[in-house]
Amino acid sequence: MKEDRKRLKDEYKRGRREAGVFQIRNTANGKVLVVSALDLPGLMNRHRFELAAGGHMNRALQSEWDEFGGEAFAFEVLDRLVPREGTDPRAELKTLEDLWLERLNPYGDRGYNEPKATPDEKLRRIAARRLQEG
């Protein structure tokens, strides 16, 4: 029994997971959340579970999920990434996500994503935090 469990766990770790970008689309108002994932099915299931349980980290999305109900939301794969053997797909995945964010512009009234900070904004935040800490 224990050996079977270990073997299954090892097979899972070695297995190829489907990477890509998906959106959670509110069919009532058209707003979307764009998300990239190294494991598309796994992360989509996680988001569904968190929303259904009322504990999603995106408060605006959670609020509208509660208001409209889960049946008003569609989980849709926008793009799949086929990783090349021996490469880390994270950089390609980030680029793919950035392309979809630029294309869909899911901010403010159009979606649930927060605009990404520029490098200068990130540095200003770090400096401000350090000043506050003393």
Side-chain angles (χ1 to χ4, degrees):
M1 182 80 141
K2 200 172 195 178
E3 290 176 12
D4 287 341
R5 219 163 138 197
K6 182 178 179 349
R7 181 182 52 77
L8 288 172
K9 188 175 179 180
D10 289 343
E11 285 176 10
Y12 174 78
K13 285 181 180 178
R14 283 193 307 269
R16 288 237 180 250
R17 293 178 195 90
E18 186 178 30
V21 178
F22 70 95
Q23 70 179 356
I24 302 171
R25 184 172 50 86
N26 183 332
T27 61
N29 62 21
K31 291 171 71 172
V32 298
L33 175 71
V34 175
V35 182
S36 64
L38 288 170
D39 178 1
L40 275 173
L43 194 55
M44 289 172 79
N45 285 337
R46 178 179 166 191
H47 279 271
R48 268 192 203 96
F49 176 81
E50 288 177 350
L51 286 162
H56 198 276
M57 66 181 195
N58 187 306
R59 290 286 138 221
L61 175 59
Q62 183 67 62
S63 175
E64 291 191 358
W65 177 279
D66 295 342
E67 178 183 347
F68 296 109
E71 60 280 351
F73 289 82
F75 289 71
E76 302 161 332
V77 175
L78 298 172
D79 224 327
R80 288 177 169 78
L81 178 66
V82 179
R84 291 172 294 187
E85 191 66 37
T87 63
D88 184 355
R90 289 172 219 202
E92 285 183 67
L93 192 56
K94 183 187 177 324
T95 300
L96 197 56
E97 179 186 36
D98 288 344
L99 290 171
W100 279 104
L101 288 170
E102 185 177 323
R103 180 177 183 184
L104 297 175
N105 198 24
Y107 311 108
D109 292 340
R110 296 179 55 121
Y112 305 104
N113 289 84
E114 291 292 325
K116 292 187 177 184
T118 66
D120 285 343
E121 290 170 329
K122 288 178 186 176
L123 287 173
R124 279 194 289 277
R125 289 179 191 166
I126 291 169
R129 213 173 305 130
R130 287 184 180 167
L131 284 174
Q132 288 177 346
E133 292 171 356

Audit row: R90, K94, side-chain contact (heavy atoms from CB on, under 4.5 Å) steps and yes/no
CA-CA 6 Å; R90 289 172 219 202; K94 183 187 177 324; over 6 Å; no
Less than 4.0 angstrom from a charged side-chain N to a carboxylate O is my criterion; do E133 and R129 meet it?
no
Which atom of I24 lies closest to which atom of F73, heavy atoms considered
CG2-CD2, 4.0 Å
Can you tell me if CG on D88 sees more than 12 non-hydrogen neighbours from other groups inside 6.0 Å?
yes
Which atom pair, heavy atoms only, marks the closest approach of K122 to A117?
CE-O, 3.5 Å
Check for me, please, whether L104 and Y112 land in the same ILVMFWY cluster - side-chain distances under 4.5 Å, paths through other members count.
no
Locate the shortest heavy-atom distance separating A74 from E76; write the atom from each residue and the value.
CB-OE2, 3.6 Å
Which is it for N29 and E64 under the side-chain contact (heavy atoms from CB on, under 4.5 Å) test, yes or no, and what are the steps along the way?
CA-CA 10 Å; N29 62 21; E64 291 191 358; 2.9 Å; yes
Does the side-chain contact (heavy atoms from CB on, under 4.5 Å) test come out yes or no for W100 and Q23, once each step is laid out?
CA-CA 10 Å; W100 279 104; Q23 70 179 356; over 6 Å; no
R130, CZ atom: more than 12 neighbouring heavy atoms under 6.0 Å:
no
Side-chain heavy atoms nearer than 4.5 Å, only ILVMFWY residues, links allowed to pass through others: does that put L33 and L101 together?
no
If you compare all heavy atoms of F22 against all heavy atoms of V77, which two are closest, and at what distance to 0.1 Å?
CB-CA, 4.0 Å
Quick one: do the N58 and Q62 side chains pair a donor with an acceptor below 3.5 Å?
no
Cluster question for you: counting only ILVMFWY and a side-chain heavy-atom cut-off of under 4.5 Å, with indirect links fine, are L99 and L38 together?
no
Atom NZ of K116 with >12 non-hydrogen neighbours under 6.0 angstrom
yes
Check whether E92 reaches the backbone of P89 with its side chain - one donor and one acceptor, N or O, closer than 3.5 Å.
no
Whether W65 and F75 hold their rings parallel, tilted or perpendicular, with breakpoints at 30° and 60°
perpendicular
Could you tell me whether the side chain of N26 and the main chain of K31 form a donor-acceptor pair under 3.5 Å?
no
Within a strict 4.5 Å, meaning less than it, do heavy atoms of the P41 and D39 side chains meet?
yes
side-chain contact (heavy atoms from CB on, under 4.5 Å) for R103 and L78? Distances and angles first, verdict last.
CA-CA 11 Å; R103 180 177 183 184; L78 298 172; over 6 Å; no
For E102, I'd like to know if atom CD has over 12 heavy atoms of other residues, nucleotides or ligands within 6.0 Å.
no
What about L51 and F68, same hydrophobic cluster or not, with Ile/Leu/Val/Met/Phe/Trp/Tyr joined at side-chain heavy-atom distances under 4.5 Å?
yes
Nearest heavy-atom pair of L93 and S36: which atoms, and what distance?
CG-CB, 3.9 Å
Hydrophobic cluster membership, with links at side-chain heavy-atom distances under 4.5 Å among I/L/V/M/F/W/Y: are Y107 and V32 in one?
yes
